[in-house]
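Note sheet for the following structure.
Please read all numbers here as calculations on a predicted model, not as lab measurements.
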Amino acid sequence: VPAYGTGVERLMVNFTNPDPAPMNVILEAEIHHPGWQVVLDPPELLDLQPGQSRMVSMTISVVLYSLPSSRSTVFLNSSGI
């Protein structure tokens, strides 16, 4: 299926240190969909104090695919996909 564009969504996520001690946090994206990309900014939260919060920007880019034409035949397997 040929791609016809991309979609981009930018979210602001608040991260708070729940630990009673200062900590360095390294953020990693776990991507479950092929073709998706996630950028976290900043990727590291250094010297985050107990109870301290910091905002992280999460930008998600996805490839959008065209739908099959009305004349296409689509087969479903037993799981409905």
Next item on the list: Hey, could you give me each pair passing side-chain hydrogen bond (donor to acceptor under 3.5 Å, both in side chains) that has a residue in residues 38-52? Not counting sequence neighbours.
Entry: Asp47-Gln49
Next item on the list: Would you confirm whether Arg54, through its side chain, and Leu46, through its main-chain N or O, come within 3.5 Å as a donor-acceptor pair?
Entry: yes
Notebook entry, point to check: Is Val62 linked to Val39 within one hydrophobic cluster, defined over Ile, Leu, Val, Met, Phe, Trp and Tyr using a side-chain heavy-atom separation of less than 4.5 Å?
Noted result: no
Margin query: When you compare the side chain of Ile31 with that of Val38, does any pair of heavy atoms fall below 4.5 Å?
Written below: yes
Notebook entry, point to check: Do you know which two heavy atoms are closest between Pro50 and Pro20, and how far apart they sit?
Noted result: CG-O, 3.4 Å
Check: Between Phe15 and Leu45, which heavy-atom pair has the shortest distance, and what is it?
Finding: CD2-CD1, 3.6 Å
Notebook entry, point to check: More than 12 heavy atoms of other residues, nucleotides or ligands under 6.0 Å from CD1 of Ile26: is that the case?
Noted result: no
Check: Going by side-chain heavy atoms closer than 4.5 Å, which hydrophobic residues are tied to Met12, directly or by a chain of links?
Finding: Met55
Checklist line | Residue pair Pro43 / Leu27, side-chain heavy-atom distance below 4.5 Å | finding: no
Check: Quick one: do Trp36 and Val56 end up in the same hydrophobic cluster if we chain Ile, Leu, Val, Met, Phe, Trp and Tyr together by side-chain heavy atoms under 4.5 Å apart?
Finding: yes
Item checked: Nearest atoms (heavy-atom pairs only) where Leu40 meets Ala29 -> CD1-N, 3.9 Å
Next item on the list: Could you note down all residue pairs passing side-chain hydrogen bond (donor to acceptor under 3.5 Å, both in side chains) where residues 14-28 supplies at least one of them, sequence neighbours left out?
Entry: Thr16-Ser53
Notebook entry, point to check: Distance from Ile60 atom CD1 to Gln37 atom CD, nearest 0.5 Å?
Noted result: 11.5 Å
